[in-house]
Each structure stands twice: as structure tokens, then as C-alpha cells.
Protein chains: 2
Amino acid sequence: MVVQADDAVFRPVRAGNPFEETVERLLQAIKLGVVVPGDRLPPERELATRLNVSRVTLREAIHALTEAGYVESRRGRYGGTFVNENLPKPRRTPAKRLARDLAGGLDDALTLRFVLETGAAEAAASRTLTPAERDHLERCLAETSAARLADYRRLDSRLHLAIAEVTGSPSLTSAMADVRMRLNELLDAIPLLERNIQHSNEQHRAVVDAILADDPDAARRTMQEHLAGTEALLRAFLE
Amino acid sequence: MVVQADDAVFRPVRAGNPFEETVERLLQAIKLGVVVPGDRLPPERELATRLNVSRVTLREAIHALTEAGYVESRRGRYGGTFVNENLPKPRRTPAKRLARDLAGGLDDALTLRFVLETGAAEAAASRTLTPAERDHLERCLAETSAARLADYRRLDSRLHLAIAEVTGSPSLTSAMADVRMRLNELLDAIPLLERNIQHSNEQHRAVVDAILADDPDAARRTMQEHLAGTEALLRAFLE
DNA sequence: AGTCAATGGACTGGAAACAGACCAATAGAG
DNA sequence: CTCTATTGGTCTGTTTCCAGTCCATTGACT
């Protein structure tokens, strides 16, 4: 009885070599707004330890990102590796090509995202947040609302990630970060409209309010509506 | 503005070396009931490709599992690597020790599990399943109900995994497999009682019924109740 | 002006993982 | 009974990755 479910468990142990994985992870930090332009990355020695990668490998990854224009390094005390003020613009890959590449992966990613994000909103609202956490949420919300169009995707991701953070479950946060990276690639192929942003901001407000009000049902419902919007937008553009 | 959220994105790129990861993955297949005693694993060449690991590394992993008594290999055509009929009993590690090891990881795992499993149940009920999928669910349910005590954990995991499968999202299935492995280690420290199993089987029936009836709300709700039971049990034993 | 701690940069030897080719056994097909 | 396709078992050279060490630079503090 060897079922077809073994696809999930006999999947690749690792997506690429440590070098590629490291590059991807650093890009994740930048593209999801975990580190913003001007921020300093942790020192190489510390970062290498945290990523469980040798310093050599980490340095190669940083070098690649430097060449790609994402970061810059300065030596000496109080030096470090800094995120560039002007990030490279994501190449607008033709949507149809992307859709073909991701193939059935689109439904996969959308399903997982739905489960994780609605679940995170509900879980966040089910806890009583510390003042620091409440403040953090509000701050991320404000920054997203104030974001210029070019920065919107990054700060939007940052806000959603913040919601995952206040669930207190690091694994949940990681999972959301991963699935969001997969979807952002697609979203970058779609033009961002001013009125979409306004609508999005209103929904963000509603979700955060529900979380701060400790109302799990409302949090889940508002998040669900929010996601439905993006999903419809995505599907419309990819067909 | 380097926030504390970087924990999630600067987490280890890989948990261990390819060898360890491969062992872990094969154990996952066995302990979650994806392959049952008597089953043959895919041929080494194919499995190595799917796991994205060299054949040497895969063979070392298989060798380790052979020594541990999980599998046995036979050469020649129609040979292969087979799951043993009598699997090693999981060592009953003292619960308190485990709880200390997992530390805050318990809440982490429980939160993620809750989100994934309730979400999976809902997502599964939101689709119209193919006859094959419906049959698969029923079969897993029946096998779990009929399971002897020693096999229960494996077949229970298998059923929950089957629910994830019928969402059509491989990533969701993988995520559930991972978090379940983390929790099973804890569950193994808890004695399994006959009446707990009966109750569990009734709940399984309710969840599967809701999914087959295309009733997302009921699916989520019944799954939620089911999980609450195990969670309470776990927490009671670990404190 | 001098000091010094923290940080990036560079080098070396060793271990792990890989790719690929080849060998050995086995059981069904003819 | 023989053949042969399939599968596990073995070996070799190469590449990647790692751990550890030392060097070079910088800027705040004294």
C-alpha cells in the first residue's frame, strides 16, 4: 500500500545548496520588510551561527546580494552590512510565464496562505497581547498606511508577518514568511493600483482592530475578506 | 529598526546535515504511517532523486535505519528496501524531560498544529472530492478505527495526513507532517488509554463526515473539538 | 593623538556530499 | 535452464562546505 501521499514526505530534503538557501533567506528578510533600507544586518559571525551556515558560505551569499545591489558592507568597528536605500526593482516577469512556471503551485500556495493567515489572525486575537505587542502591531499598520507605492508590497508583508509574530508561534511566522515569498513573486507581476491600496488599508485596520479587541471570530472573518480580494485580483490577472 | 521578528527569518537554513535530514525524513514516512510494515520504499536511485540527495547519503541513512531495526533491504530484481513488520518501540522518555527540552516549543507546536489542522479540515470540506479521494478518506478512517493499540498513533497520524492530502495542497500536507512529528515525540511519552481511543474514533468519524458532506464550518468545528482533547491530555501530563 | 574593540576580509586543511561508473545478486520471463 | 532487467552494493575523483585562524580597517573613547 504505497499511496500517493508520499509526495509530501519524500519531497526534497533541501531546495538547493546552502549557498543558494542562504541567499534566498537574506532576500526574504529584505523583501518581506524584516530589515528595511538603512538597517544593519547582524554581524557575519552571529548571522552565520543563527543560519547554521559557515561564515564562508554566508559571505558568498552576501557578496552575491552586494553585486545584485541589495546591500553594502563597511569594515571596521560600527561597520557591518547595510540594506541599500535604493533597492533593485523587481523585474516584471510576464504574468503568463510565471503562471505557467508555478503551474498547480498557485492553488497550493493560495490554499496554504489562506489557512495560515486566517489561522494566525484568529490565534493572535485569542491571546491577550502585551502592550509592546499591541504597539508593534499599531506601528506596522501605520507604516503600511503611510507607505509610498514602491514600498507598499514590502510593508504590507511586514504587517502580515507582525500578525503572525503576535501569535507567539515562531514556526507559524516562518511558515507564513515562506508562503508569502512564493506569492510575492506572482504579485510583483501585477500592477498595483492606488484604489486597491486604499481598500487594503481599510481592511488592515479592521483586522488589527479585531485582534486588539480580542475578537477571534471577527479577526478570522475580516482577514478572510482581505485575502479574498488579493486572490481574486491574482486569479483575474493570471487567466 | 531591527525588530525581534528576524528570529523567524534568520532561523537555521537547515536543521542538520543532509544525512541527518534524510534519516529524519524516512522516519517520518514510517512513523506517520505513510509506509506501513511490509511496504517497499522506492528504489534508491529514485528516492535519492526525489529527496534531492546523493545516493551515497541516502544509503547511509537507510543503513542507519536498518541498524535501528526499522527496515531491511533485499538485492536483486523485485528486491528493495522494506519496512519491518515489527517496528522498534518508541522509548518512553520521561515526560518532564521532554517538556523541558521542548520548552516554549510546546506552545509553538500546538499553535501551529491547531491552525494547520483546523484549516485543513475546512479547506478539505470546501472542495468537492473525487470518488477516489472520498474512498481514500473512508479507508484511512476505517483502518484507524480497527487499529490495535500499538499501531494507533501511526494510523491516527495517517488519517490526519489524509485530510491534508485531500485539500490538494502538498505544502499544507508537508507542513502538517512536520508539526505532527514534533508532537508525536511528546505524545509517545503519554500512555494511551482504550477509552481515549474510542472517543477519538467518534470524533474522527464526525470530522470525515463533515468533509464528505462539504460542510466547512462543521469540519472546522469538529476538528477543533478533537484537537482540544489531545491538547488537554498533553498539557495535563506535562505539568 | 593614541588605543582598542568590533567588524569585514582572506587563507588553509579537513570533512562531507556528490556524480557517475561499475559490480553482484535475484527472480521472473521465455 | 538460460537470459535479462532491476535492484542493492561498492569504488573513485571532484566539489562544496566547514571550522578555525589570522589580517585589515574603522571610528568612538580616552
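Labels below follow one simple rule: chain letters A, B, ... track the order of the sequence lines, proteins then strands, and each chain is numbered from 1.
Residues from residues 71-80 of chain B placing a heavy atom under 4.0 Å of any atom in DNA chain C, listed by number, are B:Arg75, B:Gly76, B:Arg77, B:Tyr78. Residues of residues 57-69 of chain A having a heavy atom closer than 4.0 Å to DNA chain C, listed by number: A:Arg59. Contact check of residues 13-23 of chain B against DNA chain D (heavy atom, cut-off under 4.0 Å) returns B:Arg14.
Ionic pairing of B:Asp7 and B:Arg11 is not present here: no N-O contact between side-chain nitrogen and carboxylate oxygen is shorter than 4.0 angstrom. A salt bridge links A:Arg59 with A:Glu44: at least one charged nitrogen is closer than 4.0 Å to a carboxylate oxygen. Residues B:Glu46 and B:Arg55 are not paired through a salt bridge, judged by the lack of any N-O separation under 4.0 Å between the basic side chain and the carboxylate. Between A:Asp151 and A:Arg148, at least one side-chain N (NZ, or NE/NH1/NH2) sits under 4.0 Å from a carboxylate O, which counts as a salt bridge. In this structure, A:Asp156 pairs ionically with A:Arg180, as a charged nitrogen and a carboxylate oxygen lie closer than 4.0 Å.
A 6.0 Å sphere centred on CD of A:Glu72 holds no more than 12 heavy atoms belonging to other residues, nucleotides or ligands.
Counting only N and O atoms by type, the side chains of A:Ser174 and A:Ser171 include no donor and acceptor under 3.5 Å apart. No donor-acceptor contact under 3.5 angstrom links the side chains of B:Asp107 and A:Ser169, judged on distance only. Counting only N and O atoms by type, the side chains of B:Ser73 and B:Thr81 include a donor and acceptor under 3.5 Å apart.
Judged as a side-chain contact (heavy atoms from CB on, under 4.5 Å), and not counting sequence neighbours, the contacts of A:Glu20 are A:Asn17.
Taking a heavy-atom distance under 4.0 Å as the criterion, the stretch of DNA chain C touched by chain B extends 5' to 3' from C:dA17 to C:dG28. First and last contacting nucleotides of DNA chain D toward chain A (any atom under 4.0 angstrom from a heavy atom, 5' to 3' order): D:dC17 to D:dA28.
Under a 3.5 Å cut-off, the side chain of A:Arg14 and the backbone N or O of B:Asn52 do form a donor-acceptor pair.
In this structure, B:Arg74 satisfies the cation-pi test against B:Phe82, with its NZ or CZ atom closer than 6.0 Å to the six-membered ring centre and inside 45 degrees of the ring normal.
To the nearest 0.5 angstrom, B:Leu41 atom CG is 9.5 Å from A:Asp6 atom CG. The OG1 atom of A:Thr167 sits 4.5 Å away from atom CG of A:Leu172, with the distance rounded to the nearest 0.5 Å. With rounding to the nearest 0.5 angstrom, the CD atom of B:Glu133 is 11.0 Å from the CD1 atom of B:Ile211.
Both A:Val56 and B:Val56 lie close to DNA chain D; mapped to their nearest nucleotides by heavy-atom distance, the more 5′-ward contact belongs to B:Val56.
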